[in-house]
Amino acid sequence: MSRPVIGISTYQDPARWGVWEMPAVLLPAAYPRLVRAAGGLAVLLPPDEAEDAAGEAVAALDGVVIAGGADVEPVRYGADPDPRTGPPARERDAWELALIRAAIEQDVPLLGICRGMQLLNVALGGTLHQHLDGHTGGHPVDPVPGTAYAAAVPEQTTVPAYHHQAVDRLGTGLIASAHAPDGTVEALELPDHESLVLGVQWHPEMGEDLRVMTALVDAAGRRRRERTPV
């Protein structure tokens, strides 16, 4: 059977190459490289403002990854911006929130990475801490026993983390599935959902550990087999 098809969210930014300088759809190459290393086929999902574009895109996929990046605009979770919060990325927020909601509605396995985990929390009504120190560079993460994350990564690991925001109040139905030593939520998931819905606060694409992405690809493979006529 062919590899599970994993869509990865992208964003639009100015870029320059050769004689050209214009808006470009961007994504660090480490994301599709990690998907391939875990056994998936990576496709990129550029922002699309068409009605139900996210739903149509997700329907064609076996799994979805929401990539890391810019801070989530605080208005999305009912807060005023902290002076240390970055500039809004409204088009990206709208597109990725739509992808998250479509994946949950369609029972498509979902992995949120850093910003993607924060957006997952916001999509389900949660809030964020707009600034914290000490989460740039590697630090240990402890799994919560009995969670899907712990099933994939059962021991304490040191993860590549590059974030200054984090989950505050958990969204509806979400549980914390890993913590940093200071108590920061480092992974969360939706345990009562049919498919895997997982967010991690670090950047697995910047490390060598494939297990988080493998958990997504395996879930996507199971869904693909269930959908394939015998």
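In the hydrophobic cluster analysis, where Ile, Leu, Val, Met, Phe, Trp and Tyr join through side-chain heavy atoms closer than 4.5 angstrom, Leu119 is grouped together with Leu124. Grouping the Ile, Leu, Val, Met, Phe, Trp and Tyr side chains by contacts below 4.5 angstrom, directly or via other members, places Leu110 apart from Leu198. Tracing side-chain contacts under 4.5 Å through hydrophobic residues (I, L, V, M, F, W, Y), one never reaches Val122 starting from Tyr11; they form parts of separate clusters. Ile66 and Val217 fall into different hydrophobic clusters, where Ile, Leu, Val, Met, Phe, Trp and Tyr are joined by side-chain heavy atoms under 4.5 Å apart, directly or via other members. Cluster annotation: Val5 and Leu216 are assigned to distinct hydrophobic clusters (Ile/Leu/Val/Met/Phe/Trp/Tyr, side-chain heavy-atom contacts under 4.5 Å, transitive).
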*Using the side-chain contact (heavy atoms from CB on, under 4.5 Å) rule, take Val212 and Tyr149 through it: C-alpha gap first, then chi angles, then the decisive distance, then the call.*
CA-CA 8 Å; Val212 167; Tyr149 172 71; 3.9 Å; yes
*May I have the step-by-step check of side-chain contact (heavy atoms from CB on, under 4.5 Å) for Leu111 and Val64, ending in yes or no?*
CA-CA 6 Å; Leu111 173 63; Val64 175; over 6 Å; no
*Taking it one step at a time, do Arg3 and Asp62 satisfy salt bridge (Lys or Arg N to Asp or Glu O under 4.0 Å)?*
CA-CA 9 Å; Arg3 290 177 288 170; Asp62 301 309; over 6 Å; no
*Passes side-chain contact (heavy atoms from CB on, under 4.5 Å), Ile175 versus Leu188? Steps please.*
CA-CA 5 Å; Ile175 63 168; Leu188 52 71; over 6 Å; no
*Go through Val35 and Met213 one step at a time and tell me if the side-chain contact (heavy atoms from CB on, under 4.5 Å) criterion holds.*
CA-CA 7 Å; Val35 168; Met213 186 61 73; 3.9 Å; yes
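Checked by atom type, the side-chain pair Ser2/Arg224 shows a donor-acceptor distance below 3.5 Å.
For the pairing with Ser195, the side-chain contact (heavy atoms from CB on, under 4.5 Å) check across Ile104, Leu190, Asp107 returns one residue only, Asp107. Put simply, the residue from Glu186, His179, Gln118 that forms a side chain to side chain donor-acceptor pair (under 3.5 Å) with Gln201 is Gln118. Residue Asp71 forms a side chain to side chain donor-acceptor pair (under 3.5 Å) with just one option from His163, Gln130, His164, and that option is His164.
In this structure, Glu73 pairs ionically with Arg90, as a charged nitrogen and a carboxylate oxygen lie closer than 4.0 Å. Taking a cutoff of 4.0 Å between a charged side-chain nitrogen and a carboxylate oxygen, Arg211 and Glu155 qualify as a salt bridge. The existence of a salt bridge linking Asp93 and Arg115 is confirmed by a sub-4.0 Å separation between a basic side-chain nitrogen and an acidic carboxylate oxygen.
With a 6.0 Å radius and a threshold of 12 heavy atoms from other residues, nucleotides or ligands, Gln156 has its CD atom above the threshold. For Trp17, the CH2 atom counts as densely surrounded, since its 6.0 Å shell holds more than 12 non-hydrogen atoms of other residues, nucleotides or ligands.
No side-chain heavy atom of His203 sits less than 4.5 Å from a side-chain heavy atom of Val159. Side-chain contact between Pro14 and Glu21 is absent, with no heavy atoms from C-beta onward closer than 4.5 Å. Residues Ile8 and Leu27 form a side-chain contact, since some pair of their non-hydrogen atoms from C-beta on lies under 4.5 Å apart. With a 4.5 Å cut-off on side-chain heavy atoms, Gln12 and Pro23 count as touching.
Between the side chain of Tyr31 and the main chain of Gly68, a donor-acceptor pair closer than 3.5 Å is present. Panel note: side chain Thr127, backbone Arg169; a donor-acceptor pair is recorded below 3.5 Å.
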